[in-house]
2 protein chains.
Amino acid sequence: MAQAQILSKNQQIVLDIIEKAKGPLKAYSILFNVQKKGINAPQQIYRALDKLIEMGKIHKIESKNAFVACRNSNCEISKATAFSICESCEMVDEIIDVKLSKYLSSFSDKKGTKYKRFNLEFFGLCKKCK
Amino acid sequence: MAQAQILSKNQQIVLDIIEKAKGPLKAYSILFNVQKKGINAPQQIYRALDKLIEMGKIHKIESKNAFVACRNSNCEISKATAFSICESCEMVDEIIDVKLSKYLSSFSDKKGTKYKRFNLEFFGLCKKCK
DNA sequence: ATAACAAACGTTATATTATAACATTATATG
DNA sequence: CATATAATGTTATAATATAACGTTTGTTAT
Ligand SMILES: [Zn+2]
Ligand SMILES: [Zn+2]
Ligand SMILES: [Zn+2]
Ligand SMILES: [Zn+2]
């Protein structure tokens with residue numbers, strides 16, 4: 001059994017904020033939220049974000065340049081990520097669907113090439129906004 | 001039969017450059033490439049890019065903030081896009097795979113929600129880099 | 001043709017996102 | 001302890017993208 005990751009001070013601060021948030025957070029909005037805690041510079045945020053992504057604790061929503069906490073213990077350290085994104089309220093949900101994940105993880109293109117990672121973003125309207 | 005889109009001057013200039021390129025192009029690298037043609041400001045590039053995306057002539061590779069020409073007459077004006085991205089040489093290929101596209105277009109999540117658009121990015125090593 | 005409207009353009013300024021570089025401090029390992 | 005590695009703090013700057021405003025060009029209807 002792998003030991004639970006121990007996070008550094010800044011990593012924990014950033015993760016806490018992202019986990020508490022209801023939606024995706026942008027790096028600079030995280031920064032403004034933690035200035036009272038002694039973090040003053042973008043670098044400190046981006047470094048924490050990078051490590052948290054590496055650990056699979058958070059994901060980057062590429063189409064929004066924003067970050068969400070991972071809600072899936074099985075997403076294999078961000079090798080297989082899928083999200084639903086509401087185009088109206090900007091809500092993001094991590095899609096946890098074993099069939100989808102297996103289908104895409106085993107996908108090979110016409111030349112037979114397999115890929116070691118994928119990221120899928122679905123866009124539409126969430127239940128609230130429909 | 002829909003009439004072929006007629007592009008404006010700036011749109012045509014930007015599209016030509018993206019179509020000629022071997023890989024994805026960034027907005028500012030497009031800008032530097034067209035300054036001899038009288039385009040001087042980022043706005044002019046971004047406006048052309050926006051329209052070209054709307055028309056389905058190009059796509060944005062979200063994980064790279066870069067743009068590629070559409071190689072697929074059937075990608076339904078960017079409602080269903082998939083790419084393979086080489087992590088070594090940065091090459092990008094549009095994946096044209098009817099089965100994959102149908103599978104994802106008809107995907108519905110656990111609450112039964114369907115989405116009207118998706119973008120999928122695969123990462124790995126291209127044939128050259130393997 | 002011309003009035004009215006919409007789309008594209010040109011330009012200046014500014015906002016937002018992200019990284020470089022370097023010195024310092026904390027943590028782990030033998 | 002000695003050394004190496006990871007994390008931090010800080011200043012500066014690069015890269016990406018949009019706001020705002022006025023002008024020009026192209027389309028459509030009378
Ligand atoms: Zn996850
Ligand atoms: Zn919504
Ligand atoms: Zn396409
Ligand atoms: Zn390659």
Side-chain angles (χ1 to χ4, degrees), chain A residues 2-18 21 23-68 85 87 90 92 119 121, chain B residues 2-18 21 23-68 77 85 90 92 119 121:
Chain A
Q3 185 183 339
Q5 279 281 6
I6 288 169
L7 301 179
S8 76
K9 188 191 110 216
N10 289 0
Q11 288 159 14
Q12 190 66 61
I13 290 172
V14 170
L15 179 58
D16 284 347
I17 292 198
I18 296 175
L25 290 184
K26 304 215 154 207
Y28 276 75
S29 102
I30 296 170
L31 176 57
F32 298 142
N33 270 280
V34 298
Q35 296 198 311
K36 52 188 95 169
K37 289 196 173 120
I39 296 182
N40 306 296
Q43 266 290 5
Q44 298 173 282
I45 302 298
Y46 282 104
R47 283 198 287 229
L49 290 171
D50 287 348
K51 290 295 177 183
L52 291 168
I53 288 170
E54 261 182 51
M55 294 173 197
K57 301 269 184 196
I58 64 170
H59 304 299
K60 181 173 188 181
I61 307 300
E62 296 287 358
S63 61
K64 300 174 80 66
N65 298 317
F67 304 86
V68 295
I85 300 168
E87 284 175 316
E90 316 264 280
V92 170
N119 180 55
E121 299 183 359
Chain B
Q3 186 183 339
Q5 279 282 4
I6 288 169
L7 300 180
S8 77
K9 189 191 109 215
N10 288 1
Q11 288 160 14
Q12 191 65 61
I13 291 172
V14 169
L15 180 58
D16 283 348
I17 293 198
I18 296 175
L25 290 184
K26 304 215 153 209
Y28 275 76
S29 103
I30 295 169
L31 176 57
F32 298 141
N33 270 280
V34 296
Q35 296 200 313
K36 54 188 94 166
K37 288 194 174 123
I39 298 182
N40 305 298
Q43 266 291 6
Q44 297 173 282
I45 303 299
Y46 282 104
R47 282 198 288 230
L49 290 171
D50 287 348
K51 291 294 177 183
L52 291 168
I53 288 170
E54 260 181 52
M55 295 173 196
K57 301 269 186 196
I58 64 170
H59 303 299
K60 182 172 188 182
I61 307 300
E62 295 287 357
S63 61
K64 301 175 77 69
N65 297 317
F67 303 86
V68 296
I77 310 200
I85 300 168
E90 316 264 281
V92 170
N119 180 54
E121 298 183 359

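Protein chains get the first letters and strands the later ones, always in sequence-line order, with residue 1 at the start of each. FYI, side chains are in, hydrogens and waters are out, and symmetry mates aren't considered; it's all heavy atoms of this structure. Fair warning: this is a prediction, and the values are worked out from it, not measured in the lab.
At C:dA7, none of the side-chain N or O atoms of B:Ser8 fall inside 4.0 Å of OP1 or OP2 (strictly under the cut-off). Here B:Gln44 does not reach the OP1 or OP2 of C:dC9: none of its side-chain N or O atoms lies under 4.0 Å away. Applying the 4.0 Å criterion to OP1 and OP2 of C:dA7, one finds that B:Lys51 has every side-chain N and O outside that range.
Across its full length, the helix from C:dA1-D:dT30 to C:dG30-D:dC1 shows an angle of 50° between the axes of its 5 terminal pairs at either end, rounded to 10 degrees.
For B:Asn10, whose side chain is taken as the heavy atoms from C-beta onward, the closest listed nucleotide among C:dT11, C:dG10, D:dT8 is C:dG10.
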request  = Apply side chain to side chain contact (heavy atoms under 4.5 Å, CB included) to A:Ile18 and A:Leu49, showing your working.
outcome  = CA-CA 10 Å; A:Ile18 296 175; A:Leu49 290 171; 3.7 Å; yes
request  = Any chance you could list the contact pattern along nucleotides 15-24 of chain D? Use B for base contacts, S for sugar-phosphate-only contacts and - for none, protein heavy atoms under 4.0 Å, 5' to 3'.
outcome  = -BBBBB----
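One distance of note links CD1 of B:Ile77 with CE of B:Met55; it measures 10.0 Å at 0.5 Å rounding. Between A:Ile30 atom CD1 and A:Leu25 atom CG the span is 5.0 Å, to the nearest 0.5 Å. Separating the NE2 atom in A:His59 from the CD1 atom in A:Ile53 is a distance of 9.5 Å, to the nearest 0.5 Å.
In this structure, A:Gln11 reaches the sugar-phosphate backbone alone: every heavy-atom distance under 4.0 Å involves primed, P, OP1 or OP2 atoms, never a base.
Residues B:Ile58 and B:Val68 fail the side-chain proximity criterion, which asks for heavy atoms closer than 4.5 Å.
Between the side chains of A:Asp16 and A:Gln12, a donor-acceptor pair is found at a separation under 3.5 Å. Using modelled atom types and a 3.5 Å distance limit, the side chains of B:Glu121 and B:Asn119 yield a donor-acceptor pair.
With sequence neighbours excluded, the residues satisfying side-chain contact (heavy atoms from CB on, under 4.5 Å) with A:Gln43 are A:Arg47.
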